[in-house]
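Just below is one structure, and these are the notes that go with it.
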Amino acid sequence: MARHTITLIPGDGIGYEVSEAARRVIDATGVDIEWDVQNAGLDVVEEFGTPMPDHVLQSIRRNKVAIKGPLTTPIGKGMRSVNVALRRELDLFALVRPTKWYPGVRSRYDNVDLVVIRENTEDLYAGIEFAEGEPGTLELIETIARLNGRRIREDSGISIKPTSITATQRIFRFGFQWAIDNGRHKVTAVHKANIMKYTEGLWLRVAEEVAKEFPQIEFDDRIVDNMTMQLVQKPELYDVMVMPNLFGDILSDLCAGLVGGLGLAPGANTGDDIAVFEATHGSAPKYAGKNVANPMAMMLSGMMMLRHIGETDAGDRLEAAIATVIAEGRSVTYDMKPSRDDPTSVGTSQVADAVIAELESATVVR
Ligand code: NAD
């Protein structure tokens with residue numbers, strides 16, 4: 001069996017615990033992995049002067065596959081998001097976030113199997129921002145007034161929302177191909193083309209053109225506000241949804257909420273030849289170091305990673321083991337119990353123990 005070398009970035013906050021749990025269950029599938037462990041985030045800033053040191057990026061470029069825990073972004077000032085920077089730096093243009101309901105999960109719904117594919121490089125998350133009051137911002141305000149006839153208030157901060165034909169074609173081609181490769185039948189383009197004609201309008205127009213290249217997949221589109229309502233009312237009508245960066249960020253949390261919450265929502269940041277797997281949730285600092293966070297989102301990200309490296313059988317076995325632990329309902333964290341302070345909830349590492357026991361007993365049965 002071929003050995004895989006994979007970069008493991010534990011992250012910060014609850015990252016250490018959920019990453020360790022994920023690493024243990026991935027190892028328990030029997031796939032031969034050499035973990036290239038690389039620390040990043042808040043805890044390395046003092047040592048390296050940056051939350052994402054160059055040697056971490058080099059490791060991902062070298063190994064082509066990484067799995068990472070969440071990294072904290074201080075809100076409003078200082079560091080821009082390391083996660084967003086990582087995706088841009090490695091041109092991981094597609095973020096695939098499946099949300100699937102597993103029997104036993106407490107949710108208002110029991111029939112959800114959705115996939116959000118989020119464009120990762122453009123839109124309001126492109127990181128092109130102008131701070132209020134700075135000379136460059138005032139100059140931009142003047143330029144816009146001259147070119148467009150509309151004057152932005154002088155005390156404004158400005159974020160730029162680029163949407164290119166190139167990136168839109170690329171994400172929709174990826175989305176349709178992903179749908180084909182994963183046995184899906186429909187792609188929905190999500191947008192706000194009625195209001196932002198030159199960005200979202202372009203997005204929709206390109207989506208419609210790309211859809212013609214994939215006649216075997218059904219295609220439709222939804223305005224984002226309608227989409228949010230429809231997802232809450234009748235999620236079973238949707239399948240794969242391709243959306244710009246900001247809508248993708250918001251709606252993937254909404255979809256996570258349909259299937260039991262952030263503790264169960266995995267993801268894959270994918271580029272042409274590199275993929276970085278991570279849960280949708282963040283570093284939940286208030287739970288850090290307490291062995292209470294749900295590691296299943298990280299484990300399911302590991303499942304996606306196993307399938308990505310061609311270890312489909314191991315990925316399937318891992319998913320089945322997680323599903324069994326969920327269905328039994330005993331070895332699950334607080335967020336999957338009827339009340340948050342349920343005394344029968346178990347810790348992060350005990351969930352890993354239970355999944356490993358399932359993997360081992362399934363191996364014996366075989
Ligand atoms: P969060 O996802 O960290 O936490 C929100 C809430 O969800 C938590 O308070 C907790 O109640 C629950 N939760 C999240 N993950 C859980 C888990 N595994 N098990 C059980 N409950 C869980 O979101 P936030 O509080 O908005 O962000 C905290 C930090 O994480 C911020 O700095 C943010 O920028 C960062 N973040 C990082 C990533 C990433 O690394 N990709 C993603 C989102 C947020």
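Each ligand, and each atom within it, is numbered from 1 in the order the structure gives.
- Between Asp113 and Lys100 no salt bridge is recorded (no basic side-chain N to carboxylate O distance below 4.0 Å).
- Looking only at atom types and distance, the side chain of Glu17 has no donor-acceptor partner in the side chain of Tyr287 under 3.5 Å away.
- Taking a cut-off of under 4.0 Å to the non-hydrogen atoms of Lys286, the atoms of ligand 1 that pass are 9 (O).
- Near Thr72, the atoms of ligand 1 lying under 4.0 angstrom from a non-hydrogen atom of the residue are 32 (O).
- Salt bridge Arg340/Asp342: absent, no basic N to carboxylate O contact under 4.0 Å.
- Partners of Tyr109 by ring pair (Phe, Tyr, Trp, His ring centres under 6.0 Å), not counting sequence neighbours: none found.
- Residue Leu71 has at least one nitrogen or oxygen atom sitting less than 3.5 Å from a nitrogen or oxygen atom of ligand 1, judged on distance alone.
- Near Lys68, with a cut-off below 4.0 Å to any heavy atom, the atoms of ligand 1 are 40 (O), 41 (N).
- One hydrophobic cluster, built from ILVMFWY side chains closer than 4.5 Å, holds both Leu57 and Ile274.
- Polar contact with ligand 1: present for Thr73 (N/O pair, distance under 3.5 Å).
- Every atom of ligand 1 with a heavy atom of Arg340 under 4.0 Å away is listed here by number and element: 11 (O).
- Defined by atom type and a distance below 3.5 Å, a donor-acceptor pair is present between the side-chain atoms of Glu119 and Thr121.
- With no hydrogens or angles considered, a side-chain donor-acceptor pair links Asn291 and Gln350 at under 3.5 Å.
- Contacts with ligand 1 closer than 4.0 Å are made by no heavy atom of Met298, backbone or side chain.
- By the ring pair (Phe, Tyr, Trp, His ring centres under 6.0 Å) test, Phe277 is found to be paired with His308, residues two or more places apart in sequence or in another chain being considered.
- Those atoms of ligand 1 with a heavy atom of Leu262 less than 4.0 angstrom away are 2 (O), 7 (O).
- In this structure, Met296 falls outside the shell of residues with a heavy atom less than 4.0 angstrom from ligand 1.
- Counting the atoms of ligand 1 from 1 in the order shown, those under 4.0 Å from a heavy atom of Thr280 are 42 (C), 43 (C).
- Ligand-side atoms of ligand 1 in range of Glu278: 39 (C), 40 (O), 41 (N), range being under 4.0 angstrom from any heavy atom.
- Counted by atom type alone, Asp27 and Trp35 present one or more donor-acceptor pairs between their side chains at under 3.5 Å.
- Heavy atoms of Arg87 come nearer than 4.0 angstrom to ligand 1 in at least one pair.
- Taking any N or O of Ala284, backbone or side chain, at least one lies under 3.5 Å from an N or O belonging to ligand 1.
- Using modelled atom types, one finds a donor on one side chain and an acceptor on the other under 3.5 Å when comparing Glu278 with Asn269.
- Interface of Ile14 with ligand 1, defined as ligand atoms under 4.0 Å from a residue heavy atom, comprises 18 (N).
- Using a 4.0 Å cut-off between heavy atoms, Asn83 contacts ligand 1 through its side chain alone, with no backbone atom that close.
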